[in-house]
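Numbering starts at 1 and runs along the sequence shown.
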Amino acid sequence: MAERKNAKKIISSTIFYIFVAGIATIIVLPIYFLISISFMSDQEAYDWPISLAPAFSHSFLLQKSDNIPGGFLISVYSRSQEEFVTISESDKLDDMISFVNRKTSSKIPKKLLEEKIVELEEVVAQNEDRIAELKTQIKQETLTINKLNRDIVKIQRKLKFIDPEDESFKELRENLQNQLQEKQQEKALTEEKISALKKELQPISGVTFKVRKNIFASYVTFFRVTSDSMGALIRSIQVALLTVLISLTIGGMAGYAFARYIFKGKNLLKLSVLFVRMFPGIAIAMPMVMILARMGFYDRPIGLSLVYSVGQIGMTTWITASIFMGISTELEEAAQVFGTSRWGAFFRVTLPLALPGLAASAMYAFIGSWSETAQAIVLTQFNPTFPVVIYQTLVGTKGMINLVAAGSVTLAFPAVLFTMIIRRYILQMWGGVRV
């Protein structure tokens, strides 16, 4: 019986930890990929299948160009394809260094490149005959591949015109399928042969070297290519802090009133503060354009924070009202008995006990205003906030995911920092108010 209970306990514990690990994985994995991609270069971000972690250095292969007289060919090692991939071919070293730096975030010193060119000349001179022989073989095999590709396409087109259900063409269809299979097998063998020839060619026709990568290149490039990104970041901080201040001031006072006073229509009014949350933010932003323009607050941080506060005040009121109701009025009365005023009792007794709820409201207001994008697009024109800049980068760069990831991590950082600062009070709220 005891063994049976132990077995049940082990099974239930195992299921529980698997469940917890699954939730943690679902939460952490997307964040990990976002941060990992933000530290990748353009070449790594578009190297499929994408690596799980960014590289700290790149391996390069330098060869002589067959197409440009006196030119060179430079390739970078692809971890996913497990071979060198050509990225630049030029006879101008400065242009080659600049392009490789943009593509791989690794700036090759010109002196190092010149030394490798000298080394390359010696290697090529020693193996000149064998290099020519291998290149001729690769060229012939490449022509074979091209011919096989044409044959495969022709057979596939013929197969498309044959009805699979028509038995009168069964023999013809089977013959074409057999031919297609043979051509594909022949193509695979030829590709393997080319790969083997290239592996033999690389060490005798080129030199390899490794260069450290600038791990923060995507972040630097993001702030360099996006216009007014630092100004947008500062404006976002201003908007978030103003939203926290407005929502805490108005929502906190409303929450205290709901908790301490009894008046007619209290429950209806308490419910109505959440009414505005039922409308999408973009629906509220449209009419606010005219109101803010008349007030002179359009395209300014104060205007955005006022609009954001409309939605945040309701939640702040509900959170703070719950917290104030949990704090006994006898504590304030006891403080007044000992000589303090009503305001003194509030600031010395009630407010410190309500800090966890106020911190949670502040975090909710900060995060809500910090990441808001749709309303900011409508309510700003020449002074966008940082999320708008990220959105414009996503649309404008048409898929430079490492830059967008770098901007997104930068966007998340202040919110994480703010949450870490007030985490002590939030954890207290989870444990309940202690008197």
Side-chain angles (χ1 to χ4, degrees), residues 39-48 50-51 53-146 187-218 220-221:
F39 290 117
M40 290 183 180
S41 61
D42 289 356
Q43 190 274 332
E44 291 175 277
Y46 290 94
D47 196 14
W48 188 258
I50 196 166
S51 302
F56 290 92
S57 61
H58 282 301
S59 295
F60 295 98
L61 172 68
L62 182 68
Q63 294 172 297
K64 297 188 79 171
S65 170
D66 295 329
N67 303 316
I68 302 173
F72 299 95
L73 195 70
I74 193 161
S75 308
V76 63
Y77 186 76
S78 165
R79 289 186 293 167
S80 59
Q81 299 178 33
E82 297 183 344
E83 62 179 20
F84 284 96
V85 179
T86 302
I87 56 172
S88 177
E89 186 175 18
S90 175
D91 56 348
K92 297 176 182 174
L93 297 186
D94 290 331
D95 292 348
M96 180 178 280
I97 290 170
S98 176
F99 183 82
V100 170
N101 187 25
R102 288 199 304 273
K103 188 75 177 172
T104 66
S105 304
S106 297
K107 188 171 184 179
I108 304 171
K110 192 172 182 180
K111 187 178 178 182
L112 173 65
L113 195 58
E114 289 171 345
E115 289 174 359
K116 291 298 171 184
I117 289 172
V118 173
E119 190 179 331
L120 174 66
E121 298 287 354
E122 293 174 0
V123 171
V124 171
Q126 291 171 3
N127 304 281
E128 198 166 356
D129 295 338
R130 183 58 181 161
I131 290 170
E133 186 182 342
L134 288 171
K135 284 185 176 178
T136 303
Q137 290 180 21
I138 290 172
K139 193 176 288 183
Q140 289 173 350
E141 297 299 335
T142 304
L143 292 174
T144 305
I145 286 277
N146 293 337
K187 181 186 171 185
L189 290 173
T190 309
E191 285 174 343
E192 287 179 9
K193 195 173 179 181
I194 291 175
S195 179
L197 289 171
K198 284 183 176 178
K199 281 183 181 176
E200 186 183 351
L201 178 65
Q202 278 179 2
I204 62 172
S205 67
V207 291
T208 58
F209 56 96
K210 188 177 282 189
V211 177
R212 183 174 289 278
K213 190 186 87 176
N214 180 5
I215 198 79
F216 297 104
S218 297
V220 175
T221 306

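Judged purely by distance below 3.5 Å, without hydrogens or angles, the side chains of Asp47 and Ser80 pair a donor atom with an acceptor atom. Remark: the Ser195 side chain and the Glu192 side chain contain no N/O donor-acceptor pair separated by less than 3.5 Å.
Looking only at distances, a side-chain donor or acceptor of Glu44 sits under 3.5 Å from a matching main-chain atom of Ser41. Remark: the backbone N or O of Ile68 is paired with a side-chain donor or acceptor of Ser65 at under 3.5 angstrom. Side-chain atoms of His58 come within 3.5 Å of backbone N or O of Thr104 as a donor-acceptor pair. Checked by atom type and distance alone, the side chain of Lys213 pairs as donor or acceptor with a backbone atom of Phe39 at under 3.5 Å.
The CG atom of Leu134 sits 12.5 Å away from the NZ atom of Lys198 when rounded to the nearest 0.5 Å. Taking CE of Met96 as the start and OG of Ser90 as the end, the distance is 5.5 Å to the nearest 0.5 Å. Atoms CD and CG, from Gln202 and Leu197 in turn, are 11.5 Å apart once rounded to the nearest 0.5 Å. Here the OG-CD1 distance, from Ser57 to Ile215, works out to 9.5 Å after rounding to the nearest 0.5 Å. Distance check, rounded to the nearest 0.5 Å: CG of Leu112 to CZ of Phe60 gives 10.0 Å. In this structure, the separation between CD on Gln137 and OG1 on Thr142 is 11.5 Å, given to the nearest 0.5 Å.
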Can you check side-chain contact (heavy atoms from CB on, under 4.5 Å) on Leu113 and Phe72, steps first, answer last? CA-CA 11 Å; Leu113 195 58; Phe72 299 95; over 6 Å; no
Does the pair Lys135 and Asp66 meet the rule for a salt bridge (charged side-chain N to carboxylate O under 4.0 Å, His left out), with working shown? CA-CA 10 Å; Lys135 284 185 176 178; Asp66 295 329; 2.8 Å; yes
Report the C-alpha separation of Lys187 and Thr144 in whole Å, then their side-chain angles, then the decisive distance to 0.1 Å, and conclude whether the side-chain contact (heavy atoms from CB on, under 4.5 Å) test is met. CA-CA 8 Å; Lys187 181 186 171 185; Thr144 305; over 6 Å; no
For the pair Glu133 and Arg130, evaluate salt bridge (charged side-chain N to carboxylate O under 4.0 Å, His left out) and give the outcome as yes or no after the intermediate values. CA-CA 5 Å; Glu133 186 182 342; Arg130 183 58 181 161; 3.0 Å; yes
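Electrostatic pairing of Asp94 and Lys110 counts as a salt bridge here, judged by a charged N lying under 4.0 Å from a carboxylate O.
In plain terms, the two heavy atoms of Val123 and Pro203 that are nearest each other are CG1-O, 3.9 Å. The minimum heavy-atom distance linking Pro54 with Arg79 is given by the pair C-NH2, 3.8 Å.
Two residues are said to be in side-chain contact when any heavy atoms from C-beta on lie closer than 4.5 Å; Phe209 and Leu62 meet this criterion. At a threshold of 4.5 Å between non-hydrogen side-chain atoms, the residues Thr208 and Tyr77 do not count as touching. When side chains are defined from C-beta on, Asp42 does not count as touching Arg102, because their heavy atoms never get closer than 4.5 Å. In this structure, the side chains of Leu201 and Ile131 come closer than 4.5 Å at one or more pairs of heavy atoms. Taking the side chain as every heavy atom from C-beta outward, Val100 and Val211 never approach each other to under 4.5 Å.
Every side-chain contact (heavy atoms from CB on, under 4.5 Å) that Leu73 has, sequence neighbours left out, goes to Gln63, Thr86, Glu89. The side-chain contact (heavy atoms from CB on, under 4.5 Å) check on Asn101 picks up Lys107, with sequence neighbours excluded.
Just one of Lys116, Glu122, Glu115 meets the side chain to side chain contact (heavy atoms under 4.5 Å, CB included) condition when paired with Val118; it is Glu122.
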